[in-house]
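Both counts, for ligands and for their atoms, begin at 1 and track the order of listing.
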Amino acid sequence: MNNRLALIRERVEQRLDAIRDPASGKGLFTSGRISGLDVREDGKVSFTLEAPADVAEHYVAVRDRADAEVRKVDGVRSVTAVLTAHEAKPQTAGASPAGIGRVKHVIAVASAKGGVGKSTVAVNLACAFAGLGLKTGLLDLDVYGPSAPTLLGIGAQRPQMSREKVLDTLDAHGLKTMSIGYLVDAASPMIWRGAMATSAVRQMLDEVAWGELDVLVLDMPPGTGDVQVTLVQRVPLSGAVIVSTPQEVALADVRRGLAMFEKTRAPILGVIENMAYFETPDGKRTHIFGEGGARRTAEAAGAPFLGEVPIDMSLRESCDAGAPLVATQPNHPVSKRFIEMAQAALANVSRLNKPAPTIQVK
Ligand code: ADP
């Protein structure tokens, strides 16, 4: 970090510490309520305010004050302050760390067919949540074509199993992750994968040490068949993000995707249009797969539209290199898109999961 950024950071910390934490009476920073403080070269500052769950509503005003104070610091151009609520429940000795019981929000990333960039979006959105200061996990449920091992650069690492038969996650790029691809040889016959899909999915949800997370992103198997419907009914979702390309055939799929989630009570957090256009270095945009279709389909179905991701070589290369763009180049224009879409999705988690919103983004 250069000196200028270090100085801004110090001033931000001082400003935050000048605000009293209602629970402990100490400064917000000293009391440990602030996590994930990030100061960027372009003057963007983000952090998470962790409120006790039982009095979280009192912290909305504290968050607003923290936001306003940090904005006053010289060199700060914009502020993203995320409010999360943490259960004060101390972890009892011997409690099982396995399962998703302490995950606050499970968000499914789905698409009605393969190849539209669902996994690319899932991984980069997860990195964006982590970058916003949220404790984030990524579960790759695509039993037929797991992509997390490649996208996250996991290589030959294998998760450990404890004596209590709990599987540890593999940590990569600030995420806790698990994938069927970590457990099964890529060369296994498809038919066998299908047969074990259900039990593998159950194991990855219930027998993995997810621990305490703000968000767990599920990279769903593509499609809207029985496997997917069973899955979305089995997991308590805070919402779903649907990925599509702008093409007409893909749009019929978006409608099927929306219909699938209608069968559950999970709200649609939004539709993302991937491969929306290609931009040449002179700034000219070519809409290779058509223009704006996913936005129109989302609007027609009354679902929020989260944004567009262009066809981008750095994004493709980062996927192949196992180094997610958002984690490795957070200032890249495409990474910024993902961060904005993550913020919009979080805002919809709060808005669409009434009554008790636990994450608020400003
Ligand atoms: P899915 O999960 O829907 O099957 P993937 O995320 O695996 O799709 O993406 C399929 C391929 O397309 C991958 O090689 C990925 O790198 C590439 N890809 C996805 N989105 C983009 C994009 N916006 N620009 C360039 N390449 C992309």
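Under the 4.5 Å side-chain heavy-atom criterion for ILVMFWY residues, no single connected hydrophobic cluster contains both Tyr277 and Leu315.
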Steps toward side chain to side chain contact (heavy atoms under 4.5 Å, CB included) verdict (Leu152, Tyr182):
CA-CA 11 Å; Leu152 297 165; Tyr182 301 167; 3.7 Å; yes
Would you sort out whether Val349 and Lys104 count as a side chain to side chain contact (heavy atoms under 4.5 Å, CB included), showing the intermediate values?
CA-CA 11 Å; Val349 167; Lys104 263 189 239 145; over 6 Å; no
As a quick check of understanding, evaluate side chain to side chain contact (heavy atoms under 4.5 Å, CB included) for Leu16 and Val12, giving each step before the final call.
CA-CA 6 Å; Leu16 288 171; Val12 167; 3.9 Å; yes
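More than 12 heavy atoms of other residues, nucleotides or ligands shown are found within 6.0 angstrom of CZ on Arg40. Counted within 6.0 Å of CG on Asp320, heavy atoms from surrounding residues, nucleotides or ligands total more than 12; the atom is thus considered enclosed.
On a distance-only criterion, Asp320 and ligand 1 share no N/O pair closer than 3.5 Å. Checked by distance only, ligand 1 and Pro310 come closer than 3.5 Å through their nitrogen or oxygen atoms. For ligand 1, the polar-atom distance check finds no N/O of Val309 at less than 3.5 Å from any of the ligand's N/O atoms. The shortest N or O to N or O distance between Gly115 and ligand 1 is below 3.5 Å.
With hydrogens left out, the protein atom closest to atom 24 (N) of ligand 1 is Asp312 N, 3.0 Å, a heavy atom. The nearest protein atom to atom 22 (C) of ligand 1, hydrogens excluded, is given as Leu315 CD2, 3.6 Å; this is a heavy-atom distance.
Near Arg316, meaning under 4.0 Å from one of its heavy atoms, ligand 1 places the atoms 16 (O), 25 (C), 26 (N). Of all atoms in ligand 1, listed by their number and element, those nearer than 4.0 Å to a heavy atom of Lys118 are 1 (P), 2 (O), 3 (O), 6 (O), 8 (O). Ligand-side atoms of ligand 1 in range of Cys319: 16 (O), range being under 4.0 angstrom from any heavy atom. Listed by number with element, the atoms of ligand 1 under 4.0 angstrom from any heavy atom of Met275 are 12 (O), 18 (N), 19 (C), 20 (N).
Residue Asn274 touches ligand 1 through its side chain alone, judged by heavy-atom distances below 4.0 Å. At a 4.0 Å heavy-atom cut-off, ligand 1 touches Thr120 through backbone and side chain alike.
By the 4.0 Å heavy-atom criterion, Ala276 is excluded from the residues contacting ligand 1.
Distances from atom 19 (C) of ligand 1 to the protein include at least one heavy-atom value under 4.0 Å. Atom 11 (C) of ligand 1 lies below 4.0 Å from none of the non-hydrogen atoms of the protein.
Residue Val241 is tested with Asn348, Leu218, Leu269, Ile268 for a side-chain contact (heavy atoms from CB on, under 4.5 Å); the sole match is Leu269. No option in Arg71, Arg63, Arg65 other than Arg71 meets the side-chain hydrogen bond (donor to acceptor under 3.5 Å, both in side chains) test with Asp67.
Separation of atoms CG (Leu138) and CG (Asp171) is listed at 12.0 Å; rounding is to 0.5 Å.
Between the side chains of Gln329 and Ser314, not a single donor N or O lies within less than 3.5 Å of an accepting N or O.
Remark: among candidates Ser119, Ser111, Ala112, Gly117, the nearest residue to atom 2 (O) of ligand 1 is Ser119, based on non-hydrogen atoms.
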